[in-house]
2 protein chains.
Amino acid sequence: MHRQGYVYNRTAANLRQRVSSTVALVINDLSNPFFAEFAAGVDEALGVKGYVTLLGSSNESPARQRQVLASLMEHHPAGIILSPAEASDAADIELAIGRHTPLLVFNRELIGSTATGFDYDFLGLDNRAGARAATTRLLALGHRRVAFYGGHAESSSCRERRLGYTDALQAAGIAVDPRWMIETVPARLEASAHADALFATDPAPTAAVCYNDAVALGLMLGLIRLDRHPGTDFAVTGFDDIPEAAVGMPPLTTMCAAPRARGRQAAELLLQRATTPSLPRRSVIVPVQLIERESTPHAPHP
Amino acid sequence: MHRQGYVYNRTAANLRQRVSSTVALVINDLSNPFFAEFAAGVDEALGVKGYVTLLGSSNESPARQRQVLASLMEHHPAGIILSPAEASDAADIELAIGRHTPLLVFNRELIGSTATGFDYDFLGLDNRAGARAATTRLLALGHRRVAFYGGHAESSSCRERRLGYTDALQAAGIAVDPRWMIETVPARLEASAHADALFATDPAPTAAVCYNDAVALGLMLGLIRLDRHPGTDFAVTGFDDIPEAAVGMPPLTTMCAAPRARGRQAAELLLQRATTPSLPRRSVIVPVQLIERESTPHAPHP
DNA sequence: CTGAAAGCGCTTACAG
DNA sequence: CTGAAAGCGCTTACAG
């Protein structure tokens with residue numbers, strides 16, 4: 001039968017059974033290894049359960065995201081996993097996908113989601129606790145002047161990480177200096193270019209909690225250009241634990257988010273809801289773990 | 001009508017029309033930014049033409065690749081774009097997908113493909129010409145002792161790049177020293193660890209053509225550990241132009257392969273064949289371009 | 001228990 | 001030109 005070249009037509013079966021064996025996966029930025037790993041994890045877990053992944057990429061554009069969702073909806077997926085573009089509006093998403101297709105949102109919250117009865121599951125990282133842990137560790141190493149470096153202050157993840165940072169400082173009885181919260185485009189190049197902003201005050205910080213690994217790696221390059229030595233006379237932490245973090249110079253202390261495992265988890269959560277629509281809305285916030293490497297030396301003696 | 005929550009059912013339409021609006025994309029390694037960018041390019045170009053991407057990832061396992069292809073085939077895609085796992089067998093692939101679904105193979109050739117009448121298009125990089133150009137440039141900078149560093153010698157792309165390297169040396173009348181062709185796992189960490197192999201001979205090389213950017217970035221770290229200074233007293237070239245190459249220390253001279261553009265091109269080629277099955281087999285070899293950065297200084301004076 | 005018929009949501013070919 | 005019927009490849013509910 002297989003010799004005759006017969007292949008089962010699952011789309012016909014799905015039509016008759018009124019079920020779907022596909023899940024749509026919409027990613028904001030595939031060229032970021034964090035999201036690429038997440039996608040790989042989703043695809044892996046879906047495959048195990050007999051589902052096939054319909055891929056869409058929004059390239060951080062809410063307009064493209066709408067188009068992509070509309071196009072994917074025409075294939076009637078069993079559910080949607082959405083890692084939203086920056087500043088995605090909940091009403092917008094609802095218009096594109098309706099209220100009948102299970103939705104799992106990853107990583108950042110949608111804007112204005114509480115107003116309507118539009119319901120979806122959420123999977124995200126514990127950004128606040130993670131940044132708090134990183135900051136607390138720097139304080140334990142003797143640093144007293146610690147900056148928060150990089151990211152867009154309006155983005156939800158940056159806001160949360162800044163909160164964790166101030167949590168830790170306040171718990172240690174240290175005043176927060178707003179000049180030490182420095183905003184940059186969350187990318188290596190821009191982070192590298194703004195390193196001098198850290199040394200605008202006297203005394204200057206001896207350590208920086210960075211928005212993410214890309215920013216931290218960029219900052220380390222910028223520090224070297226300024227004749228500072230990350231890992232020796234300046235401490236730097238990141239967030240994400242991308243593959244580059246472990247082989248940086250020096251290797252980067254960071255918060256591990258395990259994106260591939262998050263992808264598998266997202267697939268599990270979505271399929272649970274697809275099979276049991278009566279489940280209450282769930283919001284899963286995953287703890288992140290401190291990975292200590294050589295980029296965080298003790299504070300210099302005063 | 002849209003207000004009523006109606007969404008067009010394209011799968012039903014496809015069933016009736018006996019056409020498909022999906023294309024399967026199977027990727028060997030999504031966590032490699034080169035392939036993630038390629039996937040993003042494919043998805044972008046397919047979306048423009050009204051197709052949806054069915055994603056599959058093989059994680060470099062031929063066994064998983066077979067499963068993934070079989071599962072995707074049940075959705076009767078209009079065609080398949082395959083970036084094969086290492087050592088993929090043509091007969092294996094044919095068994096999984098049959099001879100009626102258009103196939104485009106990207107990046108590496110399948111093993112044993114010429115025997116049967118199994119037909120597919122191919123899109124790859126001009127590895128040989130690229131490595132030749134990199135080597136020729138190092139020679140023009142005055143280097144006379146140039147190594148080829150990294151990669152698995154059996155892989156088709158490594159073989160081709162080594163050929164380009166020897167081409168350039170022979171054209172310059174320089175003998176190839178087999179001790180200067182050094183094999184490593186094609187990853188940063190392993191490349192970093194083997195740097196000392198470059199200095200096993202006396203005199204030692206003053207420059208290295210690396211298998212790819214990951215290897216080159218790893219080698220630069222390894223050189224520093226050995227108190228050598230890439231970009232000052234040693235020259236290094238890469239291959240791929242991944243985002244990290246431009247912001248390395250020093251920025252890396254490399255061959256630009258533009259993976260996102262390759263993805264778009266792959267989608268175009270496949271859709272052409274899907275619409276015009278009578279086309280003859282095509283093999284498109286894309287030239288790569290030298291991007292010169294600071295990692296390639298002149299040879300030191302003897 | 002077996003087998004022929006109806007139906008999923010569309011499109012197409014055909015009758016009026 | 002319009003509208004009802006047949007059919008894509010499956011599954012399911014129903015008749016024998």
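Chain letters run A, B, ... following the sequence lines, proteins first, then strands; residues in each count from 1.
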Please work out if B:V7 contacts a base, only the sugar-phosphate, or nothing of the nucleic acid, heavy-atom cut-off 4.0 Å.
->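 Sugar-phosphate contact only - B:V7 comes under 4.0 Å of backbone atoms but never of a base.
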
Atom [atom1] of [X] and atom [atom2] of [N]: how far apart are they, to the nearest Å?
X	N	atom1	atom2	value
B:L15	C:dT12	CG	P	12 Å
A:N9	D:dG7	CG	C1'	14 Å
A:E74	C:dC10	CD	C1'	12 Å
A:R10	D:dT11	CZ	P	9 Å
A:N14	C:dG9	CG	P	13 Å

Measure from NZ or CZ of B:R282 to the centre of the six-membered ring of B:F122 and say whether it is under 6.0 Å with the direction within 45° of the ring axis.
->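 Because its charged atom misses either the 6.0 Å distance or the 45° angle limit, B:R282 does not stack over B:F122.
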
Within 45° of the ring axis of B:F38 and under 6.0 Å from its six-membered ring centre, is that where the NZ or CZ of B:R260 lies?
->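 No - B:R260 does not lie over the ring of B:F38 by the 6.0 Å and 45° rule.
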
Could you let me know what C:dT2 is paired to, Watson-Crick or G-U wobble, both distances under 3.5 Å, or none if it's on its own?
->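 When the pairing criteria are applied, D:dA15 turns out to be the nucleotide that pairs with C:dT2.
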
Given [options], which nucleotide is nearest the side-chain atoms of [X]?
X	options	result
B:R16	D:dT12, D:dC8, D:dG9	D:dC8
B:R18	D:dG9, C:dC10, C:dC8	D:dG9
A:Q17	C:dT12, D:dT11, C:dC10	D:dT11

Salt bridge or not for A:R273 and A:D121, using N-O below 4.0 Å?
->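 Yes, charged N to carboxylate O under 4.0 Å.
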
Give a yes or no on whether the backbone of A:H76 and the side-chain of A:S20 come within a donor-acceptor separation of less than 3.5 Å.
->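 Yes, because the side chain of A:S20 sits within donor-acceptor range (under 3.5 Å) of the backbone of A:H76.
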
